[in-house]
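As structure tokens, the structure follows; a few thoughts come after it.
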Amino acid sequence: MICRLCPRQCGALRTETEGRGFCAMPSLPVAARAMLHQWEEPCISGSRGSGAVFFSGCVLRCVFCQNGAISRGGLGKQIDVPRLREIFRELIGQGAHNINLVSPTPFAHAIREALAEPLPVPVVWNTGGYERVETLRSLEGLVQVWLPDLKYAGNALAARYSGAGDYFETAAAAILEMYRQSGDYVLEDGLLKRGVVIRHLLLPGALDNAKAVMDWVADTFRPGQVLFSLMAQYTPQPGAEGLLSRRVTGAEYRAALAYLENLGITDGYCQDAASARAEYTPLFDLQGI
């Protein structure tokens with residue numbers, strides 16, 4: 001396939017078995033873990049867990065990525081579409097509230113095929129937010145819950161930290177397309193059945209960026225339309241320098257919370273720094289793949 005799935009549109013010729021292009025992935029899916037994930041937002045994980053499939057490869061280059069072994073390191077096992085579908089069924093059989101596709105963008109074409117027959121639980125598209133609208137449109141009717149990051153409201157920081165100088169306008173357009181497909185969020189018995197949850201990870205020294213992200217959400221959506229998740233569990237990665245070498249301070253977190261409250265964004269979640277613990281990052285040991 002000549003790949004133009006992500007906003008980079010690198011045009012790489014990705015074969016079934018040979019990794020090429022920006023994501024360095026083959027056209028058949030590569031995944032590193034399938035599990036009942038207990039550490040998403042409460043409306044996603046519920047009581048039994050979210051059926052998460054962690055895909056390898058990524059369309060961003062976040063210097064603070066906690067999943068570097070799979071996003072850049074190539075760790076993972078190649079599977080075909082029938083096996084991917086089987087993994088979905090296995091997770092549902094274990095009690096998963098939903099099927100949670102983590103960093104799925106390089107394999108959107110294969111996932112579309114795997115979802116051709118509807119599943120009995122919602123499908124979650126769990127993404128860094130850097131998505132092509134055209135790719136999202138190709139998934140219409142197959143994804144019920146959208147879980148995008150909105151990492152940056154300014155492209156200078158996006159270029160510096162994630163290698164994506166067009167991040168904000170790209171992610172904003174993608175989120176609007178996600179909302180167009182899902183409509184207002186729908187909760188049943190505390191579980192999200194349809195809708196958009198916009199995540200923002202508060203970065204050290206980047207309070208102004210967080211405020212600008214929240215401004216965009218407040219200006220773009222009315223109460224009852226989307227959920228917003230403010231996360232403060234940033235964890236410095238090996239080799240981190242400058243501001244990224246420390247955690248978010250209590251003062252930064254409190255200021256972000258106060259700003260969120262002043263904007264009147266009440267639909268959603270706040271995840272404090274106590275969640276920055278090692279057990280929240282899964283072991284990528286190919287279990288379930």
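For Glu40, the salt bridge (charged side-chain N to carboxylate O under 4.0 Å, His left out) partners at least two apart in sequence or on another chain are Arg199. Applying the side chain to side chain contact (heavy atoms under 4.5 Å, CB included) rule to Ile289 yields the partners Ala31, Ala34, Lys77, Ile79, Ile87; only residues at least two apart in sequence or on another chain are considered. In this structure, the salt bridge (charged side-chain N to carboxylate O under 4.0 Å, His left out) partners of Glu140, at least two apart in sequence or on a different chain, are Arg180. Annotation: side chain to side chain contact (heavy atoms under 4.5 Å, CB included) contacts of Ser47 (sequence neighbours excluded): His97. Contacts of Phe107 classified as ring pair (Phe, Tyr, Trp, His ring centres under 6.0 Å), with partners at least two apart in sequence or in another chain: Phe55. Remark: Arg89 engages Glu117 in a salt bridge (charged side-chain N to carboxylate O under 4.0 Å, His left out) (not counting sequence neighbours).
For the 3.5 Å distance criterion, the side chains of Glu177 and Gln181 qualify, holding a donor opposite an acceptor.
Met25 CE to Leu5 CG: the interatomic distance, rounded to the nearest 0.5 Å, is 13.5 Å. Distance check, rounded to the nearest 0.5 Å: CZ of Arg254 to CG of Leu257 gives 9.5 Å.
Here the closest non-hydrogen pair linking Leu84 and Ala114 is CD2-CB, 3.9 Å.
Side-chain atoms of Tyr167 never come within 3.5 Å of backbone atoms of Ser162 as a donor-acceptor pair (strictly under, hydrogens ignored).
Taking the charged nitrogens against the carboxylate oxygens, Glu131 and Arg137 have no contact shorter than 4.0 Å, which rules out a salt bridge.
For the pair Arg61 and Phe22, the cation-pi test (distance below 6.0 Å, angle within 45°) is passed.
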